[in-house]
Structure formats: structure tokens, C-alpha cells
Amino acid sequence: MKSFLIFFSFVFLINIINSCNFKRFEQKKYFCESNKLNMELIDILETRSIKKSYLTIKGKEYLANIDTINNKEINLTFNEINIKINLDNNEISATNNKNIYFLNCEKSNFNI
């Protein structure tokens, strides 16, 4: 009986540790191919308290607003450009006025 309690406690402890998120910092970078919006890089930085995003357009870096960020998608805005990043399939779409653009970008992810 005592060995069963020890085993159960051990399994319970492992489940608690696996469900905790110990990630302190995450950076997602999307290196984009040539496109009509001249967007070269989408850079998203996340800590527990700070979330920032930057867009590189024609070699210049601009701060973009993060509208929503969750496990499924990220929504950003910069001037009149709305950017939606689907995290399930890494599809990136940008809307500007009535136009929609699909961006081909390569993802790079860094976690601490």
C-alpha cells in the first residue's frame, strides 16, 4: 500500500510539473519573401508582463500594436494594415483597406 501511495504521489507531481509553464521569454520571427506591402520581417517578443511586436518595412523597423495574442492566432495592426498570423498552420494574411495579401514567411522561434 505504501509503494502505491509513493507511486501515485510521484505521478501526480510529474503531471503538475508538466502542466506548468516555466517559459520566461519567447521571440517569434517571420522572415517574409518579397510582397506588395514591402514587409520583410515580423518580430514578436513576449515575456510574462511585456508583449511587443515590430515590423521591418523597406529596411526600417516600426512598432506594431498587438490586438490579440493567444495559442491559435496573433492579430497586429500598423497604420491601416491588419495582420493575422494563424499559429496552427503559420498562414499570414494582411489587409490594407479592401485588399488582402497572403505573405510567405519562414518562422523562427526562440524560447527561454
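FYI, the numbering just counts along the sequence from 1.
Under the 4.5 Å side-chain heavy-atom criterion for Ile, Leu, Val, Met, Phe, Trp and Tyr, L45 and F78 are members of distinct hydrophobic clusters. Taken together through direct or relayed side-chain contacts under 4.5 Å among Ile, Leu, Val, Met, Phe, Trp and Tyr, L41 and Y54 form parts of separate hydrophobic clusters.
The main-chain N or O of E33 is found under 3.5 Å from a side-chain atom of N35 such that the two form a donor-acceptor pair. The closest donor-acceptor contact from the side chain of T56 to the backbone of E40 lies at 3.5 Å or more, if one exists at all. Between the side chain of N96 and the backbone N or O of N99, no donor-acceptor pair lies under 3.5 Å. Although no hydrogens or angles enter the test, the distance criterion places no donor-acceptor pair under 3.5 Å between the side chain of N79 and the main chain of I81.
Counted within 6.0 Å of CG on N71, heavy atoms from surrounding residues, nucleotides or ligands total 12 or fewer; the atom is thus considered open.
Only one option out of I74, L76, N75 pairs with D67 in a side chain to side chain contact (heavy atoms under 4.5 Å, CB included); it is N75.
The CD1 atom of I85 sits 5.0 Å away from atom CD1 of I92, with the distance rounded to the nearest 0.5 Å. Atom NZ in K28 sits 6.0 Å away from atom NZ in K107 (nearest 0.5 Å). Rounding to the nearest 0.5 angstrom, the gap separating the CD atom in E46 from the NZ atom in K52 is 13.5 Å. I42 CD1 to C32 SG: the interatomic distance, rounded to the nearest 0.5 Å, is 4.5 Å. Annotation: the span from L63 atom CG to L55 atom CG amounts to 8.5 Å, rounded to 0.5 Å. If you take CD on E26 and CD1 on I69, they are separated by 7.5 Å, rounding to the nearest 0.5 Å.
When every heavy atom of L87 is checked against every heavy atom of Y30, the shortest pair comes out as CD2-OH, 3.5 Å.
Between I57 and Y62 there is a side-chain heavy-atom pair separated by less than 4.5 Å. Side-chain atoms of F102 and S93, non-hydrogen and from C-beta on, do get closer than 4.5 Å to each other.
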Test side-chain contact (heavy atoms from CB on, under 4.5 Å) on T95 and E80 and set out the steps.
CA-CA 8 Å; T95 56; E80 294 183 14; over 6 Å; no
Pair L103, M39 - check side-chain contact (heavy atoms from CB on, under 4.5 Å), show working.
CA-CA 9 Å; L103 306 176; M39 206 172 299; 4.0 Å; yes
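A side-chain donor-acceptor contact under 3.5 Å links Q27 and D43.
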